[in-house]
Amino acid sequence: QVHLVESGGGLVQAGGSLSLSCIISGRASSEFTLSWFRQAPGKEREFVATIMNDGVRILYGDSVKGRALISRDNVKNEVYLQMNSLKPEDTAAYYCAAARDRVFDTRWTTHEWWGQGTQVTVSS
């Protein structure tokens with residue numbers, strides 16, 4: 001069974017930065033495409049970033065492009081999200097998700113395994 005556990009959320013001032021981590025257990029992270037999504041109250045789940053198991057093929061959501069950096073460490077079985085120049089509209093629960101290794105898209109429906117989420121709140 002695959003488990004994903006996020007960490008690193010919290011309260012950040014607008015303009016600041018945050019780093020999120022997600023550790024994968026149960027199977028080797030190299031078997032998966034790993035992604036970050038977010039969901040704010042009353043809004044749909046939104047794609048943030050995805051990285052394939054080669055660590056090279058990466059996509060970002062339009063709302064974070066230029067401010068986010070996704071990376072992974074297949075030895076540590078972890079995936080990371082660094083975000084800069086945070087805005088109040090970045091406030092959301094951030095979820096780590098895993099998809100089968102040939103998946104490379106932005107749809108949350110293609111991701112079979114999910115973490116519980118970590119809350120990020122950006123104050124103005």
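- Note that CG of Asp90 is 11.0 Å distant from OG1 of Thr121, once rounded to the nearest 0.5 Å.
- Atom-to-atom distance recorded for Arg67:CZ and Lys87:NZ is 4.5 Å, nearest 0.5 angstrom.
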Would you check, one step at a time, whether the test side-chain contact (heavy atoms from CB on, under 4.5 Å) holds for Met83 with Tyr94?
CA-CA 12 Å; Met83 285 190 62; Tyr94 282 71; 3.9 Å; yes
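- Electrostatic pairing of Asp62 and Lys65 counts as a salt bridge here, judged by a charged N lying under 4.0 Å from a carboxylate O.
- For Glu112 (side chain) and Ala99 (main-chain N/O), no donor-acceptor pair under 3.5 Å exists by modelled atom type.
- Expressed to the nearest 0.5 Å, how far NZ of Lys43 lies from OG1 of Thr91 amounts to 9.5 Å.
- The structure places CG of Leu69 at 8.0 Å from CG of Leu81, a figure rounded to the nearest 0.5 Å.
- Defined by atom type and a distance below 3.5 Å, a donor-acceptor pair is missing between the side-chain atoms of Gln82 and Tyr80.
- Nearest heavy atoms, Glu6 versus Cys96: OE2-N, 2.8 Å.
- What you find for Ala40 and Ala92 is that their closest heavy atoms are N-CB, 3.9 Å.
- Ile70 and Phe47 are not part of a single hydrophobic cluster, where members link through side-chain heavy atoms under 4.5 Å apart.
- Asp73 CG to Ile24 CD1: the interatomic distance, rounded to the nearest 0.5 Å, is 10.0 Å.
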Quick one: do Trp113 and His3 satisfy side-chain contact (heavy atoms from CB on, under 4.5 Å)? Show the steps, please.
CA-CA 7 Å; Trp113 300 275; His3 293 281; over 6 Å; no
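- The environment of CD in Gln116 is sparse: at most 12 heavy-atom neighbours from other residues, nucleotides or ligands sit within 6.0 Å.
- When all heavy atoms of Trp36 and Ser21 are compared, the pair lying nearest together is CH2-O, 3.7 Å.
- Note: the hydrophobic cluster containing Val48 also contains Leu4 (ILVMFWY, side chain heavy atoms under 4.5 Å, direct or indirect links).
- When all heavy atoms are compared, the tightest approach of Pro88 to Ala14 is CD-CB, 4.2 Å.
- Inter-residue side-chain proximity for Val103 and Asp105 is flagged as met; some heavy-atom pair is nearer than 4.5 Å.
- If you chain together hydrophobic residues whose side chains sit under 4.5 Å apart, Tyr60 and Leu86 fall into the same group.
- You'll find the side chain of Val2 reaches within 4.5 Å of the side chain of Phe32, heavy atoms only.
- Inspection of the Thr33 and Asp101 side chains reveals no N or O donor paired with an N or O acceptor under 3.5 Å.
- Using modelled atom types, one finds a donor on one side chain and an acceptor on the other under 3.5 Å when comparing Asn77 with Ser29.
- A ring-centre distance under 6.0 Å is not found for Trp108 and Tyr95.
- With a 4.5 Å cut-off on side-chain heavy atoms, Met52 and Leu34 do not count as touching.
- Cation-pi geometry between Arg45 and Trp114 is satisfied (NZ or CZ under 6.0 Å from the ring centre, within 45° of the ring normal).
- Comment: Glu78 does not engage Arg72 in a salt bridge, judged by the lack of any side-chain N to carboxylate O separation of less than 4.0 angstrom.
- For the atom pair CZ (Phe104) and CD1 (Ile51), the distance works out to 9.0 Å, reported to the nearest 0.5 Å.
- Taking 4.5 Å as the limit, some side-chain heavy atom of Thr106 sits within range of a side-chain heavy atom of Leu59.
- In the model, Gln13 has no side-chain atom that pairs as donor or acceptor with a side-chain atom of Ser123 under 3.5 Å.
- For Glu46 and Ser63, the side-chain atoms include at least one donor-acceptor pair closer than 3.5 Å.
- Between the side chains of Asn84 and Ser17, a donor-acceptor pair is found at a separation under 3.5 Å.
- Of the N and O atoms on the side chains of Arg107 and Ser35, not one donor lies less than 3.5 Å from an acceptor on the other residue.
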